[in-house]
Amino acid sequence: MGWGRRYRDVSASVDAGAPEGVGVGVPTFHAVFHEHFTQMTRLAHLLGADDAENVAQEAFVRLHERWDDLEDHTHVVGYLRATVVNMSRSRLRHLRVVRRAPQDRPEDERSAEVSAVANWERRRIRAVLTKLTRRQREVLVLRYWLDLSTAAIGQTLGISPGTVKATTHHAMENLRKHLAEEEGG
Amino acid sequence: MTELERKLAETLRAEAEKVRPSRHAWAVHQQRVRRRGRRRRRHNALVIGVAAVLLLVAVPFVRWAFRPDSPAVAQAATASRFDVPFLITRFQHDGMPWRLYLHVEQAGIPKRTILCFDVDPDSQPGRAIPGFPNCTAVELPQPGDLARPPYRFSYFSKRIYLYSPAVVRLKITTASGADVPTTEVARAADYAFATVPLNDQDPPRRYETFTLRGQPLTSGSLP
């Protein structure tokens, strides 16, 4: 096909076994994609990117470009997470410029079915999450959605474990405060 | 886990569940990779082309700029002599061979040029000699200032003349009209020095300066 070493047709390397992190050999790119694409898309969405699937796709394309050069494939998920976080930040910066006031933007219109299912408390928490700082939101998503350890969160965001703990504490305080304000007001 | 943390985790899970990536994600990914590959190859070809053109232009230019007779190379060579003392002459004293040499220093604001003559025995370089170094502040000939009469210094049977580096040959004659042999002992970017033997019976009286092509520049009486 003439793709060369770097751009070989990855569909040819489909391998049902050896998923990421199980320690039975080097995972194939295809396996990593199928196992983690949904999670990365959801991570981008929770971090506030309006085109979450596009962000996840781009993160995988970047991983694919580096795939042959990687010596240790056991850390690709960490690399993907960090890429998604960085790209979501870029996307949010872009949105801030475009919209000027992203915190105040109206929520995307939900379908009748979703609106019916979503309960009042979750809506409030979701709304308050948008009021937190970017880093506070990132820490909460990585901690309470991905269940990552303090060390893994620090690695993903490029900050120290101490900063992760402090940011988590402040984020929870802010979350509590905003919820109380909403209740009171 | 507190109640709030539990509710937060539930909310995030519910929010995440709403996102259902396209079933064609893998196909979209493959298309992206192919597109990126084509774009990258085009980009690489462009970069290689521009680099080749720059190289083709740069190589002859560098060769031209650094040819042995280029002004930049010549200036660098003379400037490098600036910090090195110039040996003016050797002479005998107390049965020992001595050296007379010259430092040129630039100091102060506005910058002044100071000429320092120093002597030491050949066998004891750097030995402190009373009365030396003997320093004099001078005004160096300005670039293009060709009319300045040479400064004169006298030391140990030599007269030393400072003149503009635009002067390529310095001709000195005595009162009787005899030519005095001159020896250029130092040349830098903004000054040149020549020595002539000291002869009190028939001292130097007039000077003439000439360019590289032998054209006369200036002439006059010596101080």
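Note that this is a predicted model, so its numbers are computed, not measured.
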Gap separating the CZ atom of Arg62(A) from the CZ atom of Arg36(B), nearest 0.5 angstrom: 7.0 Å
Portion of Leu140(A) that has a non-hydrogen atom of chain B nearer than 4.5 angstrom: both
Check: Arg32(B) and Phe60(A) side chains under 4.5 Å, non-hydrogen atoms: no
Check: Ser22(B) main-chain N/O paired with Glu53(A) side-chain donor or acceptor under 3.5 Å: yes
Closest non-hydrogen atom pair between Ala25(B) and Gln57(A), with its separation: O-NE2, 2.9 Å
Among the listed options Val141(A), Leu175(A), Val128(A), Asn54(A), the residue most often paired with chain B at heavy-atom distances under 4.5 Å: Asn54(A)
Rounded distance [0.5 Å steps], CD1 in Ile125(A) versus CG in Leu12(B): 8.5 Å
Parallel, tilted or perpendicular: rings of His64(A) and His29(B) (30°, 60°): perpendicular
Side-chain heavy-atom pair Met172(A), Leu8(B) within 4.5 angstrom cut-off: yes
Side chain / backbone / both / neither for Glu58(A) at chain B, heavy atoms under 4.5 Å: both
Between Trp145(A), Phe37(A), Phe33(A), the one whose heavy-atom pairs under 4.5 Å with chain B are most numerous: Phe33(A)
Flag, side chain of Glu5(B) to backbone of Tyr144(A), donor-acceptor distance under 3.5 Å: no
Atom CD of Glu10(B): over 12 foreign heavy atoms under 6.0 Å: yes
Lys/Arg N to Asp/Glu carboxylate O, Glu15(B) vs Arg42(A), below 4.0 Å: no
Over all atoms of both residues, closest heavy-atom pair of Val19(B) and Thr41(A): CG1-CG2, 3.6 Å
Distance in Å, Thr38(A) OG1 paired with Glu17(B) CD, rounded so as to fall on 0.5 Å steps: 10.0 Å
Side chain / backbone / both / neither for Arg143(A) at chain B, heavy atoms under 4.5 Å: neither
